[in-house]
Amino acid sequence: MSPTRAAIADAKRVVVKVGSSALTTAGDGLDVARLDALVDAIADRVSRGAQIVLVSSGAIGAGLAPLSLGKRPRDLATQQAAASVGQLALAHAYAESFGRFSLTVGQVLLTSDDVVRRAHYRNAQNTFTRLLALGAVPVVNENDTVATEEIRFGDNDRLAALVAHLIGADALVLLSDVDGLYDGDPRDGATRKIAEVAGESDVDGITVGMSSSGLGTGGMVSKLAAARTAAGAGIPVLLAAASEAARALTTAEVGTAFAAADSRLSARRFWLGYAAGASGKLHLDDGAVAAVVRRRRSLLAAGITGVDGDFQAGDVVDLVDLRQRTVARGVVAFDSGELPDLVGRSSHDLPAEQRREVVHADDLVPLRR
Ligand SMILES: Nc1ncnc2c1ncn2[C@@H]1O[C@H](COP(=O)(O)OP(=O)(O)O)[C@@H](O)[C@H]1O
Ligand SMILES: N[C@@H](CCC(=O)OP(=O)(O)O)C(=O)O
């Protein structure tokens with residue numbers, strides 16, 4: 001067995017995320033038989049001593065039938081109405097289903113502010129810790145009814161990766177309607193399943209597409225991003241079919257396993273790299289990218305070619321390379337208004353009061369491994 005699968009099989013604290021496409025069927029809404037099968041697998045793992053946090057999608061899907069809505073609505077207000085009805089059905093179904101094993105569930109509905117703002121992050125952390133200590137199974141979803149377009153996570157894969165770090169999980173298990181990551185869209189037929197992802201080079205260049213069921217939100221794009229986020233932060237990830245939840249949660253010998261990076265990021269650096277919202281962008285030349293990403297240096301004005309956005313010193317910004325890829329994130333030490341006069345200039349050309357790093361190395365998290 002690969003060390004990654006062994007670590008997932010032995011993990012004490014696990015975040016399990018299940019997608020809409022695995023729990024709901026277009027037209028019929030919530031599929032209680034599939035939900036029960038998932039709960040069987042989770043309850044078994046709990047009985048073997050694990051603590052599980054379940055991130056469950058499906059509120060919108062479960063709300064369609066009761067509201068006589070045919071397919072997933074596109075507008076936010078109807079999605080929110082469906083989520084409002086469906087979340088209640090979902091929570092009720094989980095309470096009943098876990099009740100078969102005398103397990104108590106606690107509902108945790110989060111908005112992005114709850115993990116993006118540092119003080120809220122700590123508060124959410126306390127709630128999870130207490131629920132787990134009391135033996136309950138937290139069931140998490142985005143608080144869809146109040147999340148506006150601007151502040152939405154939009155996909156629960158990312159939410160699951162953030163929750164995994166927040167609770168100090170030892171593994172993240174993403175369950176979907178597809179049995180792993182393929183090297184192209186599985187609907188194309190000639191594609192191959194990737195069993196192990198050891199690092200970035202194993203996934204560079206593969207094609208990932210959107211949901212085929214029309215029920216899910218982010219498709220494989222968001223699952224891959226979430227797997228990279230968690231693995232990059234030191235948490236091994238398994239991506240498998242929900243129909244194989246039992247094996248995923250016992251031997252972990254199914255699906256695609258993503259190896260964890262060696263180090264677990266501190267809570268602050270994880271927040272900076274993955275959770276915080278960015279207020280602007282700094283464009284970097286190749287030399288600056290090499291300095292901040294490979295040599296872990298501070299970003300100096302000389303390596304900046306352009307500035308986007310309206311931000312203040314202390315805000316989080318994305319650092320992007322010449323190909324427009326975000327290569328790092330960091331806390332900027334200047335207001336956006338001050339920077340245009342400084343970019344491209346070396347430190348000794350600058351007035352003494354501006355002769356400082358634009359982003360200090362301690363406040364900077366490289367994103368590409
Ligand atoms: N490279 C790929 N490997 C695996 N699945 C892919 C890939 N590209 C696109 N997909 C699609 O992504 C879908 C899973 O995403 P989605 O429906 O959003 O799931 P969920 O509801 O579980 O979040 C699969 O059903 C599959 O059709
Ligand atoms: N919060 C939404 C789910 C959003 C979502 O990420 O869905 P999915 O891609 O199926 O995991 C809901 O409960 O319907």
Side-chain angles (χ1 to χ4, degrees), residues 15-26 29-31 34-35 38 54-64 67 69 71-73 76 78-91 93-94 107-112 139-147 151-163 173-195 197 202-227 239-245 248 255-256 258:
V15 171
V16 177
K17 184 262 169 177
V18 62
S20 313
S21 51
L23 286 179
T24 55
T25 318
L30 194 58
D31 184 335
R34 284 196 280 167
L35 183 141
L38 169 71
L54 174 61
V55 176
S56 177
S57 302
I60 296 174
L64 300 182
L67 291 171
L69 297 167
K71 56 179 188 340
R72 191 184 165 92
L76 184 61
T78 318
Q79 285 178 9
Q80 289 180 311
S84 165
V85 171
Q87 183 60 35
L88 202 61
L90 203 56
Y94 278 122
Q107 175 172 264
V108 182
L109 298 179
L110 296 171
T111 60
S112 64
V139 178
V140 184
N141 197 354
E142 179 162 11
N143 195 350
D144 291 307
T145 53
V146 296
I151 63 154
R152 282 184 111 185
F153 287 106
D155 78 80
N156 274 350
D157 299 311
R158 175 160 180 259
L159 176 62
L162 299 181
V163 167
V173 177
L174 298 173
L175 299 173
S176 182
D177 64 343
V178 64
D179 63 350
L181 173 68
Y182 284 74
D183 60 3
D185 195 319
R187 282 162 287 184
D188 293 347
T191 52
R192 211 175 40 85
K193 188 159 76 180
I194 301 170
V197 177
D202 291 341
V203 288
D204 262 351
I206 70 163
T207 315
V208 286
M210 295 311 288
S211 174
S212 53
S213 60
L215 290 162
T217 308
M220 198 42 60
V221 179
S222 68
K223 262 169 260 300
L224 186 56
L239 171 61
S243 57
E244 294 182 318
T256 302
F258 295 77

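Quantities reported herein were computed from a predicted structural model and do not represent experimental measurements. In each ligand, atom 1 is the first atom listed, and ligand 1 is the first ligand listed.
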Is there a polar contact between ligand 2 and [X], counting only N or O atoms under 3.5 Å apart?
X	answer
Arg72	no
Asp144	yes
Gly61	no
Ser20	yes

Considering only heavy atoms, does [X] approach ligand 2 within less than 4.0 Å through its side chain, its backbone, both, or neither?
X	answer
Ile60	both
Asn156	both
Gln87	neither

Exercise. Given Ser56 and Leu90, is the side-chain contact (heavy atoms from CB on, under 4.5 Å) satisfied, shown in steps?
Worked result: CA-CA 9 Å; Ser56 177; Leu90 203 56; 4.0 Å; yes
Exercise. Which is it for Leu181 and Val203 under the side-chain contact (heavy atoms from CB on, under 4.5 Å) test, yes or no, and what are the steps along the way?
Worked result: CA-CA 9 Å; Leu181 173 68; Val203 288; 3.8 Å; yes
For this session: Test side-chain contact (heavy atoms from CB on, under 4.5 Å) on Val15 and Val173 and set out the steps.
Result: CA-CA 6 Å; Val15 171; Val173 177; over 6 Å; no
Close-contact set for ligand 2 against [X] heavy atoms, below 4.0 Å:
X	answer
Lys17	8 (P), 11 (O)
Gly19	10 (O), 11 (O)
Asp155	6 (O)
Ser57	3 (C), 5 (C), 6 (O), 7 (O), 8 (P), 10 (O), 11 (O), 13 (O)

Exercise. Under 3.5 Å, is there a donor-acceptor pair between the Asp183 and Thr191 side chains?
Worked result: no
Exercise. How about Gln87 and Asn141: does a side-chain donor come under 3.5 Å of a side-chain acceptor?
Worked result: yes
Backbone of [Y] reached by a side-chain donor or acceptor of [X] within 3.5 Å:
X	Y	answer
Asp155	Arg158	yes
Thr256	Ile194	yes
Gln80	Asp144	yes

Within-cut-off N or O pair, [X] and ligand 1, under 3.5 Å:
X	value
Ser176	yes
Asp185	no
Asp157	no
Leu181	no

For this session: Measure Lys193 to ligand 1 on non-hydrogen atoms and call it side chain, backbone, both or neither using the 4.0 Å cut-off.
Result: neither
Close-contact set for ligand 1 against [X] heavy atoms, below 4.0 Å:
X	answer
Pro186	2 (C), 3 (N), 4 (C), 5 (N), 6 (C), 7 (C), 8 (N), 10 (N)
Ser21	17 (O), 19 (O), 20 (P), 21 (O), 22 (O)
Ser20	21 (O)
Gly184	1 (N), 2 (C)
Lys17	23 (O)

Could you grab the distance from atom [atom1] of [X] to atom [atom2] of [Y], nearest 0.5 Å is fine?
X	Y	atom1	atom2	value
Leu30	Leu64	CG	CG	11.0 Å
Leu109	Glu142	CG	CD	9.5 Å
Leu38	Leu23	CG	CG	6.5 Å

Problem set entry | Val163 and Lys17, any side-chain heavy atoms less than 4.5 Å apart | no
Exercise. Evaluating non-hydrogen atoms only, which member of Asp177, Thr24, Ile194, Leu224 is closest to atom 24 (C) of ligand 1?
Worked result: Asp177
For this session: For Asp31, check salt bridge (Lys or Arg N to Asp or Glu O under 4.0 Å) against everything at least two apart and list the hits.
Result: Arg34
For this session: Give a yes/no verdict on whether any heavy atom in Gly180 is under 4.0 Å from an atom of ligand 1.
Result: yes
For this session: Please step through side-chain contact (heavy atoms from CB on, under 4.5 Å) for the pair Val108 and Val139, ending with a clear verdict.
Result: CA-CA 6 Å; Val108 182; Val139 178; over 6 Å; no
Exercise. Can you find a non-hydrogen atom of Gly58 under 4.0 Å from ligand 2?
Worked result: yes
